[in-house]
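Hydrogens, waters and symmetry mates play no part in the numbers below; they use all other heavy atoms, side chains included. Given the structure is predicted, the values throughout are model-derived calculations rather than measurements. Residue numbers start at 1 and run along the sequence shown.
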Amino acid sequence: MAYDADVIVIGAGLAGLAATAELVDAGRKVILLDQEPAQSLGGQAHWSFGGLFLVDSPEQRRLRIRDSHALAWQDWLGTAGFDRPEDHWPRKWAEAYVDFAAGEKRSWLHRQGVRLFPVVGWAERGGYDATGHGNSVPRFHITWGTGPGLVAPFERRVRAGAARGLVDLRFRHRVTGLSRSAGSVDTVSGEILEPSDAERGRPSSREVAGAFELRAQAVIVTSGGIGGNHELVRANWPERLGTPPRRMLSGVPAHVDGKMLGIAEAAGGRIINRDRMWHYTEGIDNWNPIWPLHGIRILSGPSPLWLDARGKRLPVPLFPGFDTLGTLEHIMRTGHDHTWFVLTQKIIEKEFTLSGSEQNPDLTGKSICQVLGRARAGAPGPVRAFMDHGADFIVERSLTDLVRRMNELTGEPLIAEDALRGEIVARDREIAHSFTKDLQVTAIRGARKYLGDRLIRTAAPHRLLDPKAGPLIAVRLNILTRKTLGGLETDLSSRVLADGGAPLPGVYAAGEAAGFGGGGVHGYRSLEGTFLGGCLFSGRTAGRAAARAVS
């Protein structure tokens with residue numbers, strides 16, 4: 001039987017584009033399949049903030065950030081917490097990825113035209129000891145152009161391959177099976193969905209218009225994770241994170257449903273670390289949604305007071321931006337799915353950024369003038385829009401009115417004004433002197449010692465009840481699904497492994513479908529900025545390995 005291509009790539013997100021681009025460079029013929037329409041090329045990466053984890057970069061050095069490979073590896077190990085026999089390959093992938101992030105990653109991207117915003121962000125700060133979770137230094141590099149700016153060079157390389165006759169882009173092709181016609185998996189079958197003009201990210205038709213069967217010497221699975229499938233998220237929810245939320249928002253489109261993972265498993269691939277996942281705790285209902293239950297994450301500086309559903313401060317070190325999964329675990333044991341930020345106008349103007357390319361038109365559009373506008377008084381335009389239209393935002397001059405409306409929004413009198421006023425007054429007293437026993441105040445002052453935070457991310461410490469800093473703002477925060485940290489187990493050549501550890505002949509995997517490498521390169525937690533880079537690194541690896549394997 002003749003082959004239709006050298007390699008079939010399943011999934012046209014960032015990992016699939018990176019793999020296909022490498023195959024083109026090797027002169028291989030590729031069929032790139034995706035169930036969504038052409039306008040969704042680039043997948044979830046298009047919607048991202050474009051954050052990249054880099055180690056000892058020129059951007060860090062300009063800001064006097066002293067980073068090193070040894071420090072990054074210490075942080076990765078303390079964050080990942082590898083503790084299972086099946087962490088053998090994830091740990092090897094982690095070593096390779098930290099080498100990449102501290103080595104050629106930046107220059108490789110720079111050669112393709114990727115440029116970076118000069119201020120490095122400090123995500124997942126941890127707050128434990130030196131060997132625990134978190135980034136010891138700022139490492140979150142924002143792509144100039146955000147997600148679309150990172151997708152663009154790989155899309156360009158793939159389309160150039162199509163122009164040379166090496167790439168056949170086939171959208172609306174939904175894979176339903178992988179099978180063998182000889183010794184290796186070489187046949188991909190599925191359904192052709194009817195054409196759709198749905199805008200990027202919006203649900204597209206699932207009406208079947210035909211069927212297909214294609215053959216190639218190798219297959220690369222880059223189909224993403226399970227974040228859009230809440231039923232599957234709950235089914236895999238780990239006991240260590242408490243009871244699954246009754247209500248969740250979606251940080252990814254509905255087509256991110258995890259079905260291809262089951263298909264690869266049925267063909268003989270091994271899935272590991274199913275219970276490792278990455279969800280955010282600062283989700284807000286999108287007042288202008290694109291996909292069902294569309295949520296946006298608030299990327300906050302360290303100053304908002306973070307309260308549980310009953311108005312009690314979250315324990316140390318669960319401050320904004322410090323420990324995502326530690327916060328999630330605490331919330332899920334409170335008996336409620338939501339929490340609150342309480343802050344001032346002065347804080348929201350300096351510290352609130354919304355995750356996503358569409359929520360940052362200045363960075364996405366590469367507008368220097370608009371970026372400089374962030375330094376002016378007033379909240380950024382997208383944040384103002386949520387203040388005006390967002391269901392989760394409450395703005396009031398008095399604490400009495402703020403508490404009343406917080407209870408009205410949840411439909412329960414969960415927050416007592418006197419108790420909350422006591423929390424805020426006690427916190428405000430700690431601002432009034434240069435000493436403090438409040439570790440959040442210490443964290444705020446520490447953040448402002450870093451130039452990047454002082455310039456654009458951390459407001460000057462002030463009393464929350466100071467009328468000059470007002471009005472007061474409360475934001476209800478929801479659980480927001482995002483990433484699958486486990487996935488198809490792969491060796492360092494991105495070959496999918498079967499039960500017993502032998503490679504599944506002909507099958508490779510990359511991106512979120514492979515746990516960003518090995519079946520879970522992050523272990524239990526992420527250092528942030530590592531998802532897009534994980535797609536690129538594992539996609540590049542899979543493409544190069546498959547190119548060497550086919551004749």
Side-chain angles (χ1 to χ4, degrees), residues 123 125 127 249 279-287 295-324 326-328 330-331 334 336-355 359 379-380 382-399 401-410 414-415 417 419-421 423-424 426-428 431 438-441 443-444 447 457-459 461-466 469-480:
R125 304 183 189 205
L249 301 177
H279 307 306
Y280 292 118
T281 53
E282 314 98 322
I284 51 176
D285 266 304
N286 192 344
W287 65 272
I296 297 294
R297 185 197 180 196
I298 296 172
L299 301 171
S300 177
S303 300
L305 203 65
W306 204 338
L307 310 170
D308 67 18
R310 295 188 177 276
K312 184 177 180 180
R313 286 180 74 175
L314 270 56
V316 172
L318 306 184
F319 312 132
F322 277 65
D323 181 1
T324 293
T327 305
L328 178 60
H330 175 78
I331 293 170
T334 66
H336 296 275
D337 295 343
H338 72 278
T339 56
W340 293 94
F341 277 164
V342 171
L343 61 155
T344 64
Q345 179 70 24
K346 187 175 180 180
I347 292 172
I348 205 170
E349 289 179 359
K350 188 91 173 219
E351 299 198 10
F352 265 31
T353 298
L354 302 175
S355 182
Q359 300 297 330
V383 175
R384 287 199 308 272
F386 271 91
M387 292 174 68
D388 293 340
H389 306 294
D392 295 309
F393 280 72
I394 300 170
V395 182
E396 290 289 349
R397 283 287 171 185
S398 75
L399 184 61
D401 289 335
L402 193 78
V403 171
R404 173 182 55 80
R405 289 189 57 197
M406 291 166 76
N407 286 330
E408 288 175 354
L409 184 58
T410 60
L414 296 176
I415 298 178
E417 181 190 341
L420 179 53
R421 188 178 296 274
E423 290 272 17
I424 294 175
R427 179 263 185 206
D428 282 358
I431 293 292
D438 189 314
L439 286 183
Q440 185 173 11
V441 176
I444 294 167
R457 288 295 289 157
T458 308
H462 61 276
R463 293 184 298 112
L464 296 179
L465 294 180
D466 181 356
L472 287 167
I473 300 165
V475 186
R476 181 179 62 178
L477 306 173
N478 309 274
I479 307 304
L480 179 70

Is it the case that the side chain of Glu282 and the backbone of Ser300 share a donor-acceptor pair, with hydrogens and angles ignored and the cut-off at 3.5 Å? no
Report the distance from atom OG1 of Thr281 to atom CD1 of Ile479, rounding to the nearest 0.5 Å. 6.0 Å
So do Leu420 and Leu399 actually touch side chain to side chain, heavy atoms under 4.5 Å? yes
Give, for atom OG1 of Thr327 and atom CG of Leu314, the distance between the pair rounded to the nearest 0.5 Å. 6.5 Å
Minimum heavy-atom distance Arg405-Val395, with the two atoms named: NH1-O, 3.5 Å
For the pair Asp428 (side chain) and Leu464 (backbone), establish whether a donor and an acceptor sit closer than 3.5 Å, ignoring hydrogens and angles. yes
What's the separation between atom CG in Leu249 and atom CG in Asn478, rounded to the nearest 0.5 Å? 4.5 Å
Atom CD1 in Ile284, atom CZ in Arg297: separation rounded to 0.5 Å? 11.5 Å
Are side-chain heavy atoms of Leu409 and His338 found at a separation under 4.5 Å? no
Could you give me the CA-CA distance, side-chain angles and deciding distance for Arg427 and Glu423, then say whether salt bridge (Lys or Arg N to Asp or Glu O under 4.0 Å) is met? CA-CA 6 Å; Arg427 179 263 185 206; Glu423 290 272 17; over 6 Å; no
Test Leu354 against Leu299 for side chain to side chain contact (heavy atoms under 4.5 Å, CB included), laying out the working first. CA-CA 6 Å; Leu354 302 175; Leu299 301 171; over 6 Å; no
Donor-acceptor contact below 3.5 Å, side chain Asp308 vs main chain Thr334: no
Determine whether Ile394 and Glu408 make a side-chain contact, defined as any pair of heavy atoms from C-beta on separated by less than 4.5 Å. no
To the nearest 0.5 Å, atom NE2 of His389 lies from atom CZ of Arg384 at 10.5 Å
Does the side chain of Thr353 come within less than 4.5 Å of Pro380's, by heavy atoms? no
Could you check whether any side-chain heavy atom of Phe393 comes within less than 4.5 Å of a side-chain heavy atom of Ile348, counting everything from C-beta outward? yes
Any chance you could lay out the side chain to side chain contact (heavy atoms under 4.5 Å, CB included) test for Phe319 and Leu439, step after step, and finish with the verdict? CA-CA 9 Å; Phe319 312 132; Leu439 286 183; 4.1 Å; yes
Taking every non-hydrogen atom, the tightest pair across Phe386 and Asp285: CE2-O, 3.2 Å
4.5 Å side-chain heavy-atom contact, Phe352 and Val475: yes
What one should report as the nearest heavy-atom pair of Arg463 and Ala469 is O-CB, 4.3 Å
Student check: side-chain heavy atoms of Arg476 and Trp340 closer than 4.5 Å: yes
Indicate the atoms forming the closest heavy-atom contact of Ile415 with Gly311, along with that distance. CG1-N, 3.9 Å
Side-chain donor or acceptor of Asp392 paired with backbone N/O of Leu477 under 3.5 Å: no
Verdict with reasoning, Leu472 to Glu396, per side chain to side chain contact (heavy atoms under 4.5 Å, CB included): CA-CA 5 Å; Leu472 287 167; Glu396 290 289 349; 5.6 Å; no
Counting only N and O atoms by type, is there a donor-acceptor contact under 3.5 Å from the side chain of Gln440 to the main-chain atoms of Pro304? yes
Evaluate the criterion side chain to side chain contact (heavy atoms under 4.5 Å, CB included) for residue pair Ile347 and Phe341; output intermediate values, then yes/no. CA-CA 11 Å; Ile347 292 172; Phe341 277 164; over 6 Å; no
Separation of Met387 CE from Ile473 CD1 (nearest 0.5 Å): 4.0 Å
Nearest heavy-atom contact between Gly283 and Leu480 is CA-CB, 4.1 Å
Kindly indicate whether the side chain of Thr339, heavy atoms from C-beta on, has any atom under 4.5 Å from the side chain of Trp306. yes
Might you point out which heavy atoms bring Phe322 and Pro302 nearest each other, and give the distance in Å? CE1-CB, 4.3 Å
